[in-house]
Amino acid sequence: MDNQPNNSNSNVLSIVAIVFGIFSLIFSVIPCFGIFAVIFGSIAIILSIIAVIRVFMLEQAKILAIIAMTVSLLGIASIGFQFYVTSSTVFDQLELQEFEEIEELEETENPEEPEVIPEESSFH
């Protein structure tokens with residue numbers, strides 16, 4: 001009878017970790033909600049690690065704990081990917097803007113002389 005509450009506690013931890021992992025997956029693809037994804041993902045990872053340790057120590061069914069760990073890691077990976085894509089886009093735009101400013105400065109320092117087109121003379 002002592003194993004039943006422990007099994008229940010591990011399953012509850014696993015289910016809560018799965019829910020937080022799913023929330024982190026959902027919030028990671030919504031712009032401007034990345035901080036919530038980080039928070040939910042961190043909670044999911046911590047809970048799933050605790051659930052996996054408990055399940056392996058008590059030799060219980062491991063499927064829910066493994067699913068919780070997988071969903072949590074997918075949520076964290078999704079957060080990392082979204083951060084990478086967003087930051088690379090922002091940095092590319094900043095570099096492009098900086099490059100355009102440098103070109104404008106060079107043009108003002110070295111103004112090109114207008115090309116002079118010779119006029120045709122009316123003497124034949």
Side-chain angles (χ1 to χ4, degrees):
M1 282 249 185
D2 287 342
N3 284 341
Q4 187 62 27
N6 289 336
N7 189 10
S8 175
N9 289 340
S10 297
N11 286 340
V12 168
L13 278 175
S14 299
I15 292 171
V16 171
I18 290 170
V19 169
F20 277 110
I22 290 171
F23 282 159
S24 70
L25 280 170
I26 291 170
F27 283 121
S28 70
V29 296
I30 300 173
C32 300
F33 283 103
I35 190 67
F36 295 115
V38 170
I39 293 169
F40 288 134
S42 301
I43 292 171
I45 284 289
I46 292 169
L47 291 177
S48 64
I49 289 173
I50 293 170
V52 166
I53 290 172
R54 288 193 68 178
V55 162
F56 277 97
M57 287 180 68
L58 298 174
E59 298 178 3
Q60 298 171 346
K62 299 166 180 64
I63 189 71
L64 274 178
I66 292 172
I67 291 172
M69 181 64 76
T70 305
V71 170
S72 301
L73 290 175
L74 285 174
I76 293 294
S78 177
I79 294 164
F81 178 73
Q82 292 296 330
F83 178 74
Y84 171 75
V85 168
T86 304
S87 63
S88 66
T89 303
V90 168
F91 288 131
D92 287 347
Q93 289 297 321
L94 289 175
E95 287 177 2
L96 180 64
Q97 182 181 7
E98 195 173 292
F99 181 72
E100 289 173 351
E101 289 174 359
I102 291 172
E103 281 185 343
E104 288 176 5
L105 285 176
E106 288 176 353
E107 287 176 1
T108 57
E109 289 175 1
N110 301 324
E112 295 179 11
E113 295 180 15
E115 188 176 319
V116 178
I117 302 174
E119 294 182 16
E120 293 183 23
S121 62
S122 58
F123 301 110
H124 289 300

Single-linkage hydrophobic cluster Leu64~Val55, side-chain heavy atoms < 4.5 angstrom:
no
Contacts of type side chain to side chain contact (heavy atoms under 4.5 Å, CB included), residue Ala68, not counting sequence neighbours:
Ser14, Ala17, Ile18, Ser48
Is Ile39 reachable from Phe83 through a run of I, L, V, M, F, W or Y residues, each pair having side-chain heavy atoms under 4.5 Å apart?
no
Using a 3.5 Å cut-off and no angle test, enumerate the donor-acceptor pairs between side-chain atoms of residues 23-33 and protein atoms at least two apart in sequence or in another chain.
unit_1 : atom_1 : unit_2 : atom_2 : d
Ser24  : OG     : Gly21  : O      : 2.7
Ser28  : OG     : Ser24  : O      : 3.3
Ser28  : OG     : Leu25  : O      : 2.9
Ser28  : OG     : Ser78  : OG     : 2.6

Ile66: which residues meet the side chain to side chain contact (heavy atoms under 4.5 Å, CB included) condition with it, sequence neighbours left out?
Lys62, Thr70
Separation between OG (Ser72) and CD1 (Ile22), nearest 0.5 Å, reads 9.5 Å
Cluster question for you: counting only ILVMFWY and a side-chain heavy-atom cut-off of under 4.5 Å, with indirect links fine, are Phe20 and Val12 together?
yes
Of all pairs that satisfy side-chain hydrogen bond (donor to acceptor under 3.5 Å, both in side chains), the ones with a partner from residues 81-90, not counting sequence neighbours
none
Which ILVMFWY residues can you reach from Ile79 by hopping between side chains whose heavy atoms are under 4.5 Å apart?
Val38, Ile45, Ile49, Val52, Ile53, Phe56, Met57, Met69, Leu73, Ile76
